[in-house]
Amino acid sequence: MPERLGIHITPLTRRRFAQFRANRRGWWSLWSFMLLFGLSLGAELIANDRPLLVKYQGAFYFPVFKEYAETDFGGVFPSEANYRDPFLADLIEQNGWMLWPPVRFGHKTVNYNLPVPAPAPPSADNWLGTDDQGRDVLARLIYGLRISVLFGLLLTLTSSIIGVAAGAVQGYFGGKVDLLFQRFLEIWGGLPQLFILIIVSSVVTPGFWTLLLVLMLFSWTSLVGVVRAEFLRARNFDYVRAARALGMTDGRIMFKHMLPNAMVATLTFMPFILSGSIVALTALDFLGLGLPPGSASLGDLLRQGKDNLQAPWLGIAGFVVVALMLSLLVFVGEAVRDAFDPRKNLA
């Protein structure tokens, strides 16, 4: 297939891909993770307190994509339509119909018609129950999964770029550059990360980008040692000396000739770094130092499970999603590690 599209694949890459597919657990874990993440990207189409499509007096409306006033459907108030209001729902049903998503709740929607005080157990309306504020647990899991994975991907990407660049410079030049950088890493790694987060959260309101920036300041060091070792090993190879003799610049030698070899070790660590990034956000939300209150968060759901032991569905639902997601990433990481291991043979 890639050859038909004009993409050239080297025999080594083909062998690595075949070795990755040979690990059935990692292969199916990758597809399972991509499926779950893909579904979470369309969370508004799965869990929403707005209909996907409304037909009213022969005209079609798309509330999930556009806001409409109540007066557009024969209501009284010019404010945004509340489609869960029985009065407005009757007006629409008399002159058309509504197509709802599978879960009729958003991650902030409060169910005011609970038969028991919140947190309510699973029911026909709330398949996994509600939290202590009456919000649907399934909807919060879907939205929380999306924000957790997106946060982890961004943190992994940014920290990997900085860590690879720092390790490359440190390993290629060596000498005093390497010595000074190592001392800096020892000092930087000794800073109390949790205390810094507490200080930042007391000064500014924690948010998605604030947490990403603070965690990136500490997570970029995870790949420095691996990349540094690869560059220290390859800096005196014959092809590097030949490139220097031909007048090639240091930057071109580093990122064109040496970096591809270092990326082999880097790629094997990235799934584990991603899982660590997701755990970091979940832990901060659990401690109350993460996303703003009301945000869809897996850590907040776990904290509610701890605070409401009489509602076991909260802790069980959060634990299952976090454990499943991390297990899939670990299995993918193991498959990638085996694919890049030259000692592994196809079964």
Side-chain angles (χ1 to χ4, degrees), residues 36 38-148 150 208 285 291-298 300-301 303-305 307-308 310-318 321:
L36 292 175
L39 291 175
S40 69
L41 290 178
E44 286 79 6
L45 303 178
I46 301 175
N48 209 321
D49 56 0
R50 301 179 182 180
L52 301 176
L53 178 65
V54 173
K55 183 179 180 181
Y56 180 75
Q57 294 182 348
F60 290 95
Y61 300 85
F62 301 90
V64 72
F65 300 111
K66 183 180 178 181
E67 294 183 0
Y68 298 99
E70 184 178 315
T71 53
D72 294 333
F73 304 103
V76 178
F77 302 103
S79 57
E80 181 183 354
N82 180 11
Y83 302 94
R84 298 182 58 83
D85 183 3
F87 173 74
L88 183 61
D90 290 340
L91 288 177
I92 296 177
E93 294 294 340
Q94 291 172 6
N95 298 275
W97 45 263
M98 293 187 292
L99 177 63
W100 285 90
V103 180
R104 298 189 179 188
F105 299 92
H107 69 280
K108 294 183 178 180
T109 308
V110 178
N111 188 355
Y112 294 102
N113 299 319
L114 293 175
V116 297
S123 62
D125 290 334
N126 305 107
W127 298 346
L128 295 181
T130 68
D131 63 4
D132 56 6
Q133 298 184 31
R135 299 170 298 191
D136 187 75
V137 171
L138 180 56
R140 293 186 65 79
L141 284 176
I142 297 174
Y143 283 87
L145 175 64
R146 178 174 66 179
I147 195 171
S148 297
L150 287 176
F208 183 91
D285 289 335
L291 297 173
S295 302
S297 166
L298 299 178
D300 179 70
L301 191 62
R303 181 184 57 79
Q304 290 195 35
D307 296 337
N308 299 275
Q310 79 281 4
W313 56 87
L314 295 175
I316 293 175
V321 171

[X] side chain near [Y] side chain, heavy-atom distance below 4.5 Å:
X	Y	answer
Asn126	Leu114	yes
Ile92	Tyr83	yes
Val103	Trp127	yes
Arg146	Leu41	yes
Leu39	Ile142	no
Phe62	Pro51	no

Which value, rounded to the nearest 0.5 Å, describes the distance between [X] atom [atom1] and [Y] atom [atom2]?
X	Y	atom1	atom2	answer
Ser123	Asn111	OG	CG	7.5 Å
Asp72	Gln57	CG	CD	10.5 Å
Leu301	Leu128	CG	CG	9.5 Å

Assess whether a salt bridge exists between [X] and [Y], defined as any Lys/Arg side-chain N lying under 4.0 Å from an Asp/Glu carboxylate O.
X	Y	result
Arg140	Asp131	yes
Glu67	Arg50	yes
Lys55	Glu93	no

Would you check if there is a donor-acceptor pair between the side chains of Asp300 and Gln304 at a distance under 3.5 Å? yes
Check against side chain to side chain contact (heavy atoms under 4.5 Å, CB included), Phe60 and Val54: CA-CA 6 Å; Phe60 290 95; Val54 173; over 6 Å; no
Could you walk me through whether Arg135 and Thr109 pass the side chain to side chain contact (heavy atoms under 4.5 Å, CB included) test, one step at a time? CA-CA 6 Å; Arg135 299 170 298 191; Thr109 308; over 6 Å; no
If every non-hydrogen atom of [X] is compared with every non-hydrogen atom of [Y], which pair is closest and at what distance?
X	Y	value
Leu45	Pro101	O-CB, 3.5 Å
Ile147	Ala296	CG2-O, 3.4 Å
Ala118	Thr130	CB-OG1, 4.2 Å
Ser148	Gly144	OG-O, 2.8 Å
Ala139	Gly106	CB-O, 3.7 Å
Leu314	Gly305	CB-CA, 3.8 Å

Would Leu298 and Asp285 satisfy side chain to side chain contact (heavy atoms under 4.5 Å, CB included), going step by step from the backbone distance to the final call? CA-CA 8 Å; Leu298 299 178; Asp285 289 335; over 6 Å; no
For the backbone of [Y] and the side chain of [X], can you confirm whether one donor and one acceptor N or O come within less than 3.5 Å of each other?
X	Y	answer
Trp97	Leu53	no
Tyr143	Ala47	yes
Ser295	Leu291	no
Asn308	Ala311	no

Cation over ring face, Arg84 and Phe105, 6.0 Å, 45°: yes
Contacts of type ring-ring contact (aromatic ring centres under 6.0 Å, His included), residue Tyr56, not counting sequence neighbours: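 Once residues adjacent in sequence are excluded, the partners of Tyr56 under the ring-ring contact (aromatic ring centres under 6.0 Å, His included) criterion are Phe73.
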